[in-house]
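The structure appears right after this line, and notes come after that.
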Amino acid sequence: MGKTIYFWLLDVSKNIVNEQKSEIRLWGVSKEGERILLIRDGVVQTFYVKLESYEDPEAEIKRFNKLLPHESMVKSFKVGKRKIFGRETVCAELNCNPYWFKEVVKEAKKFFGEEKLFEDDLNISRQFLLKNDLTPSTWFKASVEELKSIKLKGVDRIYRVNEIGKIELDEPPKLKVMGLDVVYFARKGEPRPEKDPVAIISVCTDKGLKKQFILENSENELLKGFIDFTSAFNPDVMVTFGGNTVHLAYLSIRAEKNNLKLSIGKLNEPPHPSIFGHVSLVGRVHFDLKDFTEEIAMVEHKTFQELISFLGLDKGEIEHINPIHFSEFWSQGGEKRNNLLKYSSWRAAKMVEAFQLIQNQIISLSQITGMPMDYVYAASPGYRLENYLMREAIKHCELIPKATEKIVRSYTGGKVLQPKPGLHRNIAVVDFKSMYPSLMLKHNISPDTIVTKPFPKGYKVLEVEGTNIGIVQDRRGFFTDILEKLVRERDSIKEMLKETRETVKYWLLETRQKTLKILANAMYGYMGWTGARWFIRAGAEAVAALGRKVVTETIEKADEIGLKVVYGDTDSVFIEYDEEKTNKLLNWISEELGLKAKIDKVYSKVIFTEAKKRYAGITGDGKLDVVGLEMVRRDWCNYARETQKGLLEILLKGKGVEEAVGYISERVKLLRQGRFTLEDLIIWEQITRSLEDYVANAPHISVAKELMRKGWEVKKGDYIGYLICKGEGPLYTRSKHYTEVKVKEVDIDYYIEKQILPVCSRIMRVLGVSRKKLESLVASAGRGLEMFF
DNA sequence: GCACTTTGTATACCG
DNA sequence: ACCGGTATACAAAGTGCG
């Protein structure tokens, strides 16, 4: 007889063998800590057909079924109502034998027309999760029967599953984690999998067990050792940095060259490419930290080393080796090779630590979006939100539309005010809380409520001023329901947080709360994304228009109250602070606009430049805030950024223009005297497309091309670090990769005139010191003359 | 032929 | 491969000058 088990869902996969056998496999960890596999046999794959134009829809489906080569291709069907963009429509649900699914869809396209079909583009594993409302990284209760006759190496027990139900959210089980770092050896340039072998594989487990497989006797032996170790340790999670883009494919090719199969999945399968550029291991979570890193704006060049230091995991215990030197270190042998071995091992260990540190975020996203842990960061924010929307759509009887080709047309966005340049004191930043989501909720903006002129008759339509867009008010939109749910759940978590004392529980809730906010905030951008299934440009346009109106009205009201507005951007206004008047404004916003606003911060001093989106301020507690200026841009050299930072500190911490000039002169002098490191002067820029697609000449592009000629691979997304050297002609002819520059080649004049002086002048000119004046002051200081004003 | 202006390309930021 | 708004640098094309 059956029994009941509790398990935490890790991953899902399919096994479609033939007409008779089609199963979904759920990989999990049981409450007892066993690695289990649950098999659901005889699953069907479903798609829908829109049938509103037919008089007898049922007969039409029967007619279609008769035309199919085999009777069993469609196992069952059901005619009923479903919504398409909010409109109720007669549809048929066709449940197919998964083995024949593609065939049936092909025929259905011919029979009904492609545009009538829905959900035929979802793969069966994904659909299974959606239909059964199963979210990975969550605990479930299942009634099962154990299949004792089958034994598989990667699992402790196998069950046939009958029923599954969600149980209350709880702490995740202790996952078995393995970090993986790989070093290749190439005589010259980038290692190529067709010719260059693996030199080192380092692994580390969550229990601190470290192991290295080194190219000594043969690569075959190395790879075998790694495969055996993986199978023996049997991790739930394999953590890499670049596993999706490089390592798993590289290792697979190397295995092939050695007549091996890279059998590192739970059923000994090799890795396989999946959606969103993810490389998947059956039964395991392959988490690529690189994907996570891409989303952290504070990690400037998206390297592993920077990530580890950002996470606070770099304790300075080891000397870093730049990956471009790995082959060199390997081939030099001796001490160098030893250092490389230590470093690689350290990296593997840090992979585990990094994963454990961000585990909550990954799990939270996985639970809410319904994507397995290893897909959440591989997918872009739009797809992540979309996965969540798809789950909600099913609950709303809303059919999931397909993303189709759309014309890219822009619309007007947020309102940005011209700042009043110069130094201001006591400036309050009034921020609307979640302005766009609030406006969407308040006005019921959703793909199924947006209409354009001429508005349809018979509905109550709210017109959006200054546009040809209207919003139907008679029924609640699909997005409105979702947003409300997101907000409600977030509020309830915030309530729970107030009473939570236990640390683990607190952080789980806190992370979940943040995740919900991120999803709510993404909904506006999603509506305007042409790749979205629920693309509705007019909806995004309406939100932006309403946002502009709110800001405009707030400025008028502030004026009326007697508050001076000095700047504003999209959902904020900067005002000369007066507590009483500001509170009056906040009350008005809440009562008349029905929105929430708060004083985000008060700058005791703030400097606005002539430009929008570029300013620096200091709050009462002495915290420096720099927005948009070169200091926060990664495409300026560090020396210039540091100089600007020093300058702003001087000016905002009470010192005058004179000291500032002295400081700038000093910084220029140090450069001229050669008191800098090359690293200070590297300019980093990202390669944003494949090199052939560039039409213009620019330093980072010509340096990238030069690297390619030397055998290095430059991929989209890579950062190129270069310096400008002395010589004639345009910059791109005298830019050099940072690894090849000698100190005496550097064009110091370029750095002074085009890096240091511009970033200082940007600030100084609004304080009354022109570029020309600044230059002459710096020059006279350099000659040891007295300063004059 | 040269200096100056305008236009186009590219990057990275803000909210 | 989430949106539009914005600043800025550099290269290249355009323009006017007896």
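The chains referred to below are lettered A, B, ... by the order of the sequence lines, with proteins before strands, and numbering in each begins at 1.
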note: A/Met435, atom CE; C/dG4, atom C1'; distance rounded to Å ~ 15 Å

Applying ring-ring contact (aromatic ring centres under 6.0 Å, His included), name anything that partners A/Phe304, two or more places apart in sequence or on another chain. A/Phe241

Heavy-atom pair with the smallest gap, counting every atom of A/Tyr526 and A/Arg533: OH-N, 3.2 Å

Quick test: give all pairs of protein nitrogen or oxygen and nucleotides 10-13 of chain B nitrogen or oxygen below 3.5 Å, distance rounded to 0.1 Å.
| unit_1 | atom_1 | unit_2 | atom_2 | d |
| --- | --- | --- | --- | --- |
| B/dA10 | OP1 | A/Val695 | N | 2.9 |
| B/dA10 | OP1 | A/Ala696 | N | 3.3 |
| B/dA10 | OP2 | A/Arg689 | NH1 | 2.8 |
| B/dT11 | OP1 | A/Gln686 | O | 3.2 |
| B/dT11 | OP1 | A/Tyr694 | OH | 2.8 |
| B/dT11 | OP1 | A/His700 | NE2 | 2.7 |
| B/dT11 | OP2 | A/Thr688 | OG1 | 2.5 |
| B/dT11 | O2 | A/Arg633 | NH2 | 3.3 |
| B/dA12 | OP1 | A/Gln686 | N | 3.1 |
| B/dA12 | OP2 | A/Gln686 | OE1 | 3.4 |
| B/dA12 | O4' | A/Arg633 | NH2 | 2.8 |
| B/dA12 | N3 | A/Arg633 | NH1 | 3.3 |
| B/dC13 | OP1 | A/Val632 | O | 3.2 |
| B/dC13 | OP1 | A/Arg634 | N | 3.1 |
| B/dC13 | OP2 | A/Arg634 | NH2 | 3.2 |

Ion pair present between A/Arg384 and A/Glu295, side-chain N to carboxylate O less than 4.0 angstrom? yes

Categorize A/Arg762 for me: base, sugar-phosphate, or nothing, with a 4.0 angstrom heavy-atom threshold over every strand shown. sugar-phosphate

Distances under 3.5 Å between nitrogen or oxygen atoms of protein and nucleotides 2-8 of chain B:
none

Would you mind reading off the distance between A/Met631 atom CE and C/dT8 atom P, rounded to a whole angstrom? 17 Å

Would you please confirm or rule out a distance under 4.0 Å between OP1 or OP2 of B/dG15 and any side-chain N or O of A/Tyr567? no

Looking at every strand, decide which applies to A/Phe276 at a 4.0 Å heavy-atom threshold: base, sugar-phosphate, or nothing. nothing

Sole candidate of A/Ile427, A/Asp625, A/Asp431, A/Val430 that passes side-chain contact (heavy atoms from CB on, under 4.5 Å) when paired with A/Lys601: A/Asp625

When we call it a touch if two heavy atoms are under 4.0 Å apart, what does A/Thr412 touch: a base, just sugar-phosphate, or nothing? sugar-phosphate

A/Arg384 side-chain N/O to C/dC2 phosphate OP1/OP2 under 4.0 Å: no

When you compare the side chain of A/Lys598 with that of A/Asp600, does any pair of heavy atoms fall below 4.5 Å? yes

Would you mind telling me which of C/dT6, C/dA11, C/dA9 lies closest to the side-chain atoms of A/Leu731? C/dA11

A/Tyr411 OH to C/dG4 P, straight-line distance once rounded to whole Å: 5 Å

Less than 4.0 angstrom between a side-chain N/O of A/Asn697 and OP1 or OP2 of C/dC10, yes or no? no

Which whole-number value in Å describes the distance from A/Glu405 CD to C/dA1 C1'? 12 Å

Among A/Ile683, A/Val741, A/Asp680, whose side-chain contact (heavy atoms from CB on, under 4.5 Å) with A/Leu723 holds? A/Val741

Under 3.5 Å, is there a donor-acceptor pair between the side chain of A/Gln644 and the main chain of A/Leu629? no

